[in-house]
Amino acid sequence: MAVPFLTMTGISKQYPGVRALDGVSLAVAPGEVIGLVGENGAGKSTLMKILGGVVEPSGGAIDIDGERADRLSVNRSMRAGIAFVHQELNLFDNLSVAANIFIGREPLRGGPLRLIDQAALNRQAAPLLKQLGADFGPEASVASLSLAQMQLVEIAKALSLQARLVIMDEPTSSLTASETERLLSVVRRLKADGVSTIFISHRLAEVEHIADRVVVLRDGRTVAELEGAAITPATMIRHMIGRELKTLYRPPAAPPGEPIVELRDVRTSHRPEQTITLSIRRGEILGLAGLVGSGRTELARAVFGLDALVGGEIRIGGVPAALASPRQAIDSGVYLVPEDRKRSGLILDFPVRDNVTLANLAACARLGMIDAAAEEAAATDQRGKLDIRCASTAVKAGSLSGGNQQKVVLAKWLSMAPRVLIFDEPTRGIDVGAKGEIYRLMRDLSDNGAGILMISSDMEEVIGVSDRVAVMHEGRISGFLERSQLSEQNILSLAVGRTN
């Protein structure tokens, strides 16, 4: 390794009753790509917050270009050329892309009022978006962008700082395979320019592909540093969880049964000229693949009653069903685990208990009043069944890890005996251990007779988990693939519209 320009030595962080970091050391050389992996709660975020000057360490030292700093402030970190691309989007929906990229650093034009120079702002943002291969311009409103596009804006914001070190926290969690490859190309260009990257991801195949060196954290300690041929998903998983993990995936217990939900010539407002016909069978996990913008999420929203159908028919159990609202879908046993659990699946400031029972309060009510004991019993039951790791059901949902938050969303529905569960990006931002638990829960549901529709941009997940895959392209189903036909090439060919 070249001489590091940044060294963290013996970093520790103590919170009341919790030791988040215990003597962690990390060195970063110019142009080096470091993969930082570990389960949720391993200490990755705390270590990066210390590096960004957001959190003060309890012990240890930081050296930048040979200058000692017991701790960093946010401003000092930024002046040192450290930039963050956070997993949680930090954008202003009411502003343009360019305004978000240069927020607080806008070019001004003359005169006593010193107004923002919009033309210069757009000119400065345009090459950053071009570098990322973005399919939107600097004048676009952030409110009009998809999650994947918003992630690119966050990356452009970091690149605009002329950073020496870019910390990417789950940067590909909402990107498709082609968008991910474009991002990895950006990381390679940064490396060639001498810019270092700390790449935090639960997608271990990407870490294997891009990292020069991998640092593995577990329980606040460094348990391994891997280089070269030692960087493999199996090796990383073994160090992350402290044991071998033979497989994340489990085959179905029996062949699929009859269709539970049938979509017949369904048309959505996303692409009203296109029709969609598919069925979700009892005991089946049907994967729904396709590029971002192909209409996967829009289809899920329509089936769940969030968006009105433009045409076609939905049948449940062979009978036409009017799913004009989420309540009608819920009453029919059709539930949605949304892509963005924090914005659409949970009330983060509410306790776990309230989130679990919110969709079915009638079951916890007596004479029109909520029975607190019944509500607590229902939430505690689901907490135990799903192994939701929290001190009690009274803690706020927003304080939990990503995997446990996803389990709370699931707990809300599992207490109501689902017939069909729609999972939209079920493991986005979830560590490998929690992924295995989510996959197990999905398979248990299907083995017990439920139908699962799983929308995912993670190719490994689609191929590993699905019993059958439907692929969307520009608002229509471009083809179906049976288990024996599943491959990245076959899925991508259908995703870009090739049918032979």
Side-chain angles (χ1 to χ4, degrees), residues 1-14 18-52 55 57-63 82 87 165-173 184 187 191 196-248 389 401-403 427 429-437 458 460:
M1 185 180 78
V3 177
F5 75 90
L6 181 146
T7 303
M8 305 177 79
T9 306
I11 300 296
S12 62
K13 180 61 183 178
Q14 182 78 37
V18 178
R19 195 167 184 83
L21 293 173
D22 187 4
V24 174
S25 297
L26 178 69
V28 182
E32 185 179 25
V33 180
I34 297 176
L36 182 62
V37 302
E39 292 191 270
N40 287 336
K44 305 185 302 296
S45 294
T46 302
L47 185 66
M48 293 302 99
K49 286 177 182 177
I50 289 172
L51 186 52
V55 169
S58 303
I62 302 170
D63 291 275
I82 299 170
Q87 179 183 355
L165 170 63
V166 178
I167 300 167
M168 296 187 177
D169 188 358
E170 297 291 344
T172 65
S173 60
L184 297 182
V187 174
K191 175 181 174 66
S196 306
T197 303
I198 294 178
F199 194 90
I200 305 171
S201 179
H202 295 309
R203 293 183 173 182
L204 301 183
E206 295 171 7
V207 176
E208 177 186 29
H209 191 56
I210 197 67
D212 300 313
R213 185 162 53 96
V214 171
V215 175
V216 186
L217 299 185
R218 186 172 77 239
D219 298 331
R221 299 182 180 92
T222 304
V223 293
E225 287 198 26
L226 308 173
E227 295 186 53
I231 302 175
T232 66
T235 304
M236 286 185 275
I237 289 170
R238 186 177 72 249
H239 288 296
M240 286 167 62
I241 65 178
R243 65 186 189 278
E244 297 285 353
L245 187 60
K246 293 182 179 178
T247 179
L248 289 173
R389 294 167 193 174
S401 69
T427 63
I430 291 177
D431 67 60
V432 66
K435 277 186 180 184
E437 294 183 72
D458 186 331
E460 182 180 352

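In what follows, residues are counted from 1 in the order of the sequence shown.
- In this structure, Ser196 contributes its side chain and Val28 its backbone to no donor-acceptor pair below 3.5 Å.
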*Could you check Lys49 against Asp169 for salt bridge (charged side-chain N to carboxylate O under 4.0 Å, His left out), going step by step and ending with a plain yes or no?*
CA-CA 11 Å; Lys49 286 177 182 177; Asp169 188 358; over 6 Å; no

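- Ion pair Arg389/Glu437 flagged as a salt bridge, since at least one NZ, NE, NH1 or NH2 atom sits closer than 4.0 Å to an Asp/Glu carboxylate oxygen.
- Here the side chain of Ser25 pairs a donor or acceptor atom with the backbone of Gly10 at under 3.5 angstrom.
- Annotation for Pro233 and Glu208: closest pair CD-OE1, 3.4 Å, computed over non-hydrogen atoms.
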*Verdict with supporting geometry, Leu226 and His239, side-chain contact (heavy atoms from CB on, under 4.5 Å)*: CA-CA 10 Å; Leu226 308 173; His239 288 296; 4.2 Å; yes

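- Of all non-hydrogen atoms in Pro171 and Phe199, the two that sit nearest each other are CG-CE1, 3.6 Å.
- Counting heavy atoms from C-beta on, the side chains of Leu21 and Leu47 come closer than 4.5 Å.
- Side-chain contact between Lys435 and Asp458 is present, with at least one heavy-atom pair separated by less than 4.5 Å.
- The pair Glu225-Arg213 meets the salt-bridge criterion, with a side-chain N (NZ, NE, NH1 or NH2) lying under 4.0 Å from an Asp/Glu carboxylate O.
- The shortest side-chain heavy-atom distance between Leu165 and Thr197 does not fall under the 4.5 Å cut-off.
- Applying the salt bridge (Lys or Arg N to Asp or Glu O under 4.0 Å) rule to Asp22 yields the partners Arg19, Arg221; only residues at least two apart in sequence or on another chain are considered.
- Taking CG of Leu184 as the start and OG1 of Thr172 as the end, the distance is 7.0 Å to the nearest 0.5 Å.
- Under a 3.5 Å cut-off, the side chain of Thr222 and the backbone N or O of Val24 do not form any donor-acceptor pair.
- Here the CE-NE2 distance, from Met236 to His202, works out to 12.5 Å after rounding to the nearest 0.5 Å.
- At most 12 heavy atoms of other shown residues, nucleotides or ligands fall within 6.0 angstrom of atom CD in Glu460.
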*asked:* Using side-chain contact (heavy atoms from CB on, under 4.5 Å), reason through Thr232 and Leu204 one step at a time and then give a plain yes or no.
replied: CA-CA 8 Å; Thr232 66; Leu204 301 183; over 6 Å; no

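- Scanning for salt bridge (Lys or Arg N to Asp or Glu O under 4.0 Å) contacts around Glu206 gives Arg203, with sequence neighbours left out.
- Between Pro57 and Lys13 there is no side-chain heavy-atom pair separated by less than 4.5 Å.
- Take Thr9 and apply the side-chain hydrogen bond (donor to acceptor under 3.5 Å, both in side chains) test, not counting sequence neighbours, and it matches no residue.
- Annotation: side chain of Leu6 is not in contact with side chain of Glu32 (no heavy-atom distance under 4.5 Å).
- The salt bridge (Lys or Arg N to Asp or Glu O under 4.0 Å) check on Lys191 picks up Asp212, with sequence neighbours excluded.
- Counting heavy atoms from C-beta on, the side chains of Leu217 and Met240 never come closer than 4.5 Å.
- Here the CD1 atom belonging to Ile198 is positioned 8.0 Å from the CD1 atom belonging to Ile82, to the nearest 0.5 angstrom.
- In this structure, OG in Ser45 is found 6.5 Å from CD1 in Ile200, a value given to the nearest 0.5 Å.
- Scanning for salt bridge (Lys or Arg N to Asp or Glu O under 4.0 Å) contacts around Asp219 gives an empty result, with sequence neighbours left out.
- Every side chain to side chain contact (heavy atoms under 4.5 Å, CB included) that Ala211 has, sequence neighbours left out, goes to Val207, Val214.
- We find the CD1-NE2 distance between Ile231 and His209 to be 12.5 Å, quoted to the nearest 0.5 Å.
- Between Val216 and Thr235, the closest side-chain pair of non-hydrogen atoms is not below 4.5 Å.
- Looking at Arg218, its side chain never comes within 3.5 Å of a backbone N or O of Glu39 through a donor-acceptor pair.
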